[in-house]
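Numbers for residues simply follow the sequence, beginning at 1. Start at 1 and go down the list; that is how both ligands and their atoms are numbered.
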Amino acid sequence: MYWESYSYKQIKERVFSSLKQNLDYRERAVLGLPASYLDTEVFYDDAPFLKDAPFLSALIANPNHIGCHTLNESEAAFEGTHKIEKELIDLCAQQVFEGGSEEFDGYVASGGTEANIQAIWILKRYFETEFGAKNGEISLIFSEDSHYSMPKASKLLGLDSLITKVDYKTRRVTRESLTECCNAAMGNGVKHFIVVMNMSTTMFGSVDDINEITGWLDGLGVEYRVHVDAAFGGYIYPFSTSDSSYTFQNRRINSFTLDGHKMLQSPYGTGIYLTRKNYMQYALTEEANYVKGKDYTLIGSRSGANAIAVWMIMRTYGSDGWTAKVRRLLGMTSRLCDSLTDRGVKYFRNPEMNIIAIEGRYLSKKIADKYLLIPDSHDGNVNWWKIVIMDHVKQGVIDNFLNDLDAEMKK
Ligand SMILES: *Cc1c(COP(=O)(O)O)cnc(C)c1O
């Protein structure tokens, strides 16, 4: 994995030159486009600081990134910034997920939820188109630790959910539950399975053992396709592991969801959907006649500034800078884990992730509330309290937390 880090000057030049290649509503005679720059009463474009602020300038220019820019010719009015989005998708697919020189498709979605729904929609259409699969012949498999966008997708797309159980301590999917789910579904006439694997769950930072699970599925002889939900882990795990199971090198993986607005700290509206070539087509909306290049996405109109923000962050760090940041956060996480172990506090932690889930009985609600820890459930019994080590988490705050914990344990 490698991508170069750019200086602020390089970033500015690239973004401003891309904006220049876009249509300028002030210069061209524009009568037909139902779009314009941001309202100038409120967002005046002659504010002096804007010449040094590429992201804000992009917001104000307001390019529309409707459609998918890795596929075909797209709306010429915003070609300049569409190219930045294409470069971003390539960086993610070829570098973060080690796709090498292969080509991929994808786009910047509203979030991880949309990217997951897009992925499941595409695989559903794939089974319908290629296998003539009918209602009730396709099911969605995911674990009980999966994000709630999976049940959302299943309801929206009319797919049955098969929810596999995980071991309470290790958070690993159990073979018995997977086997049971698949056998029962096949008994009910299900022929095709859309399988979602977590490359880090939200609550635990647990990563599904993809080789083991696909091995079980192969053994059951079921027809399946795999989507990876890396909304949370996508900007951490690939940088902390040498394991290549969760990359495009693994032919079993069809697509990934990746969220810029989680670990990368980009603005909300920066989910990323990535897929192997020849799958995006299953989401084609032929009727999108007024969009040049048609539409292959769930969302429709969307801000080009979002893609630029993610691209800017990835280009500012470069792969080396980002890896160093991930290492620093994981170091802090390990240090806190050691302190918990010293105190005999039990927790779950994946050593390659920055999440610690502390067993509920070791913490009072008072401490949890004071430090805004997240419970595994907001109604009633708390089994786990979650800590996520992010950029804003400082060692001093962790030390205070441990002091409070010590005081409580003494009592
Ligand atoms: C946050 C998250 C999502 C959903 O992302 P949104 O950007 O909130 O839509 C999906 N999956 C996982 C694992 C997540 O952590």
Q.
Can you see whether F16 has R14 sitting over its ring - NZ or CZ less than 6.0 Å from the centre and within 45° of the normal?
A.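 No.
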Any protein N or O within less than 3.5 Å of an N or O in ligand 1? List each pair with its distance, or say none.
| from | atom 1 | to | atom 2 | distance (Å) |
| --- | --- | --- | --- | --- |
| ligand 1 | 5 (O) | G112 | N | 3.4 |
| ligand 1 | 5 (O) | D259 | OD2 | 3.2 |
| ligand 1 | 7 (O) | G112 | N | 2.9 |
| ligand 1 | 7 (O) | D259 | OD2 | 2.7 |
| ligand 1 | 7 (O) | H261 | NE2 | 2.6 |
| ligand 1 | 9 (O) | G112 | N | 3.3 |
| ligand 1 | 9 (O) | T113 | N | 2.8 |
| ligand 1 | 9 (O) | T113 | OG1 | 2.6 |
| ligand 1 | 11 (N) | D229 | OD1 | 3.2 |
| ligand 1 | 11 (N) | D229 | OD2 | 2.6 |
| ligand 1 | 15 (O) | T202 | OG1 | 2.9 |
| ligand 1 | 15 (O) | K262 | NZ | 2.8 |

Q. With a 4.0 Å cut-off, would you call E13 and K9 a salt bridge?
A.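 Yes, charged N to carboxylate O under 4.0 Å.
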Q) Do D105 and R276 sit within salt-bridge range, that is, some charged N less than 4.0 Å from a carboxylate O? A)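 Looking at R276 together with D105, the answer is no, because their closest N to O distance does not fall below 4.0 Å.
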Q.
Just by distance, no angles: are the side chains of S255 and H227 close enough, under 3.5 Å, to form a donor-acceptor pair?
A.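 Short answer, yes.
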Q.
Students often mix this up, so state it plainly: with edges at 30° and 60°, are the rings of W322 and Y317 parallel, tilted or perpendicular?
A.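 Judged by the thresholds at 30° and 60°, the geometry between W322 and Y317 is perpendicular.
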Q: Test side chain to side chain contact (heavy atoms under 4.5 Å, CB included) on M197 and T214 and set out the steps.
A: CA-CA 10 Å; M197 303 263 183; T214 52; 3.8 Å; yes
